[in-house]
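Data block below; observations after.
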Amino acid sequence: MAKNFDVVVIGAGPGGYIAAIRAAQLGFSVACIDEWKSAKGGPAPGGTCTNVGCIPSKALLQSSEHYEHAGKHFAEHGIKVSGVELDLAQFLARKDKVVQQNNDGILYLFKKNKVSFFHGRGSFAKGSGDGYEIAVGGASPETLVGKHVVVATGSNARALPGAAFDEERILSNDGALRIDGVPKKLGVIGAGVIGLEMGSVWRRLGAEVTVLEALPAFLGAVDEQIAKEAAKVFAKQGLKISLGVKIDAVTTDKKGVTVSYTDNAGAAQTLAVERLIVSIGRVPNTTGLNAEAVGLKLDERGFVAVDESCRTSLPNVWAIGDVVRGPMLAHKAEEEGVAVAERIAGEHGHVDFNTIPWVIYTSPEIAWVGQTEQQLKQAGRAYKAGSFPFAANGRARALGDTTGMVKFVADAATDEILGVHMIGPYVSELISEAVVAMEFRASSEDIARICHAHPSLSEATKEAALAVAKRTLNF
Ligand SMILES: Cc1cc2nc3c(=O)[nH]c(=O)nc-3n(C[C@H](O)[C@H](O)[C@H](O)COP(=O)(O)OP(=O)(O)OC[C@H]3O[C@@H](n4cnc5c(N)ncnc54)[C@H](O)[C@@H]3O)c2cc1C
């Protein structure tokens with residue numbers, strides 16, 4: 001017999017599981033369906049983010065940074081270590097444990113909030129009078145009926161035409177997170193967030209990493225001044241990045257992968273590597289959803305078509321996260337999940353796309369919110385800019401990590417903060433202050449007048465705000 005719910009969520013990634021919890025908090029009966037399997041075949045809620053994305057990549061970034069510090073930087077602090085060795089099996093096992101802790105945490109949260117979890121593939125069967133019938137596949141098939149359905153089925157890695165992922169030689173993010181031996185030479189196609197993060201992990205472990213990028217500009221979405229600094233630092237670290245390339249062919253053999261490409265000067269080149277990570281973007285995942293059964297409309301790029309409130313073409317069917325337009329970020333998916341649950345409850349869900357922070361967890365980290373200087377120039381908006389280097393920040397000196405800067409751009413007339421751009425230590429944490437400020441439509445003077453703890457990296461934020469009025473105190 002069908003089980004009835006007020007809300008059925010398909011997908012338990014950061015979008016889906018958060019939507020389910022918020023809907024349950026609002027008093028709805030909620031089911032959440034997810035098909036991801038752990039290595040043992042059990043449920044592994046958390047989606048791409050928890051299983052093969054944000055969480056495992058950050059676990060490996062942390063471990064690889066420790067390894068690099070032990071080998072290269074401890075001596076500066078007067079700590080002598082010898083015989084530093086990599087235990088790759090433990091390195092990967094720790095990451096797997098972190099992932100499992102997060103999977104288990106979500107299952108606990110479902111129990112705590114009385115969300116019914118179903119492990120298997122959810123697909124639309126039909127629209128019935130009371131709502132939508134969803135068939136759950138897997139070991140224990142079920143039929144659920146939801147008055148409201150939230151589609152949160154996420155995305156998959158985009159493959160290069162003619163170079164399908166085999167996860168042995170040609171790796172998606174999934175394979176890139178479980179390479180079982182440090183390759184001597186590693187290729188990365190795509191100098192975006194994922195390519196740079198994964199390239200950094202394996203470079204720190206000793207791989208010679210070459211990154212090939214089709215676009216002519218490095219980190220085109222990042223403020224140019226910050227991107228320039230990043231390119232300089234990554235080159236110094238030994239990451240080889242070629243821009244403006246055209247990939248002609250990718251072939252594999254027993255030894256590895258050969259990439260034939262045309263460089264930005266038009267010359268034919270080849271790159272021979274043991275493994276190749278392809279990180280050229282992600283495609284929405286609607287496989288198995290059986291969207292046709294109910295006439296759920298997809299857009300021309302395969303995303304579930306939604307309006308600004310995440311309403312789909314069908315009444316009471318919503319879609320959120322990577323499977324819809326907008327930035328493919330876990331926190332954007334979460335915010336949409338909360339907003340949709342609140343809209344179902346007749347409340348005013350809200351997601352402000354202008355204040356979604358972006359972070360690249362390389363070392364140095366890169367983080368930003370709002371508009372870049374080049375965007376403001378293009379829009380013809382009059383602005384003032386101010387920046388402050390971590391080299392002049394006491395805490396950064398004490399940490400031994402003085403790379404980078406904080407930069408503000410503010411409206412020339414009103415001083416409202418229009419964007420904040422950072423490269424440096426722990427800027428993934430520092431960016432929150434800028435997000436809060438922009439949400440409250442603060443001016444750079446507001447930040448400049450706030451007392452920041454000393455010594456702290458956050459003083460660089462205050463000083464960059466002071467720099468907008470050309471009155472830094474420590475630089
Ligand atoms: C290597 C990597 C690193 C990343 N790092 C970051 C980061 O640091 N910060 C950040 O914000 N973002 C990061 N992202 C992006 C982030 O992972 C995604 O934006 C986020 O996971 C999207 O959440 P979602 O809920 O929309 O979808 P997903 O997380 O993809 O979850 C979708 C879930 O739905 C399930 N599913 C799909 N179809 C069905 C079906 N028919 N029935 C049942 N279940 C189904 C899937 O199995 C999956 O569990 C990273 C991504 C990658 C690949």
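Only this structure's heavy atoms are used, side chains among them; waters, hydrogens and symmetry mates stay out. Starting from 1, each residue takes its place in the sequence as its number. Whatever order the structure lists ligands and atoms in, that order sets their numbers, starting from 1.
Near K58, meaning under 4.0 Å from one of its heavy atoms, ligand 1 places the atoms 5 (N), 6 (C), 7 (C), 8 (O). The distance from ligand 1 to the heavy atoms of T153 drops below 4.0 Å at these ligand atoms: 32 (C), 34 (O), 37 (C), 38 (N), 39 (C). Using a 4.0 Å cut-off to heavy atoms of V52, the atoms of ligand 1 that qualify are 1 (C), 53 (C). Interface atoms of ligand 1 facing M328, defined by a heavy-atom separation under 4.0 Å, are 15 (C), 19 (O). In summary, the atoms of ligand 1 found under 4.0 Å from a heavy atom of G321, numbered by their order in the structure, are 26 (O). Residue contact check: G15 has heavy atoms under 4.0 Å from atoms 25 (O) of ligand 1. Near N285, with a cut-off below 4.0 Å to any heavy atom, the atoms of ligand 1 are 37 (C), 38 (N). Atoms of ligand 1 lying under 4.0 Å from any heavy atom of G47, numbered from 1 in the order shown and given with element: 29 (O), 31 (O), 48 (C), 49 (O).
The shortest N/O to N/O separation between N173 and ligand 1 does not fall below 3.5 Å. Taking only nitrogen or oxygen atoms, main chain and side chain alike, I320 does not reach within less than 3.5 Å of ligand 1.
Contact annotation for K332 and ligand 1: no heavy atom of the residue comes within less than 4.0 Å of the ligand. Neither the backbone nor the side chain of M198 has any atom closer than 4.0 Å to an atom of ligand 1 (non-hydrogen atoms only).
Atom CD of E429 has 12 or fewer neighbouring heavy atoms from other residues, nucleotides or ligands inside a 6.0 Å radius.
In this structure, of F124, Y17, W36, the residue bringing a heavy atom nearest to atom 47 (O) of ligand 1 is W36. Here atom 34 (O) of ligand 1 lies nearest to G11 when heavy atoms of G11, G13, P45, A44 are compared. The residue among G53, G137, C54 with a heavy atom at the shortest distance from atom 14 (N) of ligand 1 is C54. The heavy atom nearest to atom 17 (O) of ligand 1, considering only P56, A152, S57, C49, is found in C49.
Among residues at least two apart or in separate chains, salt bridge (charged side-chain N to carboxylate O under 4.0 Å, His left out) pairs with a member in residues 31-55 are E35-R121.
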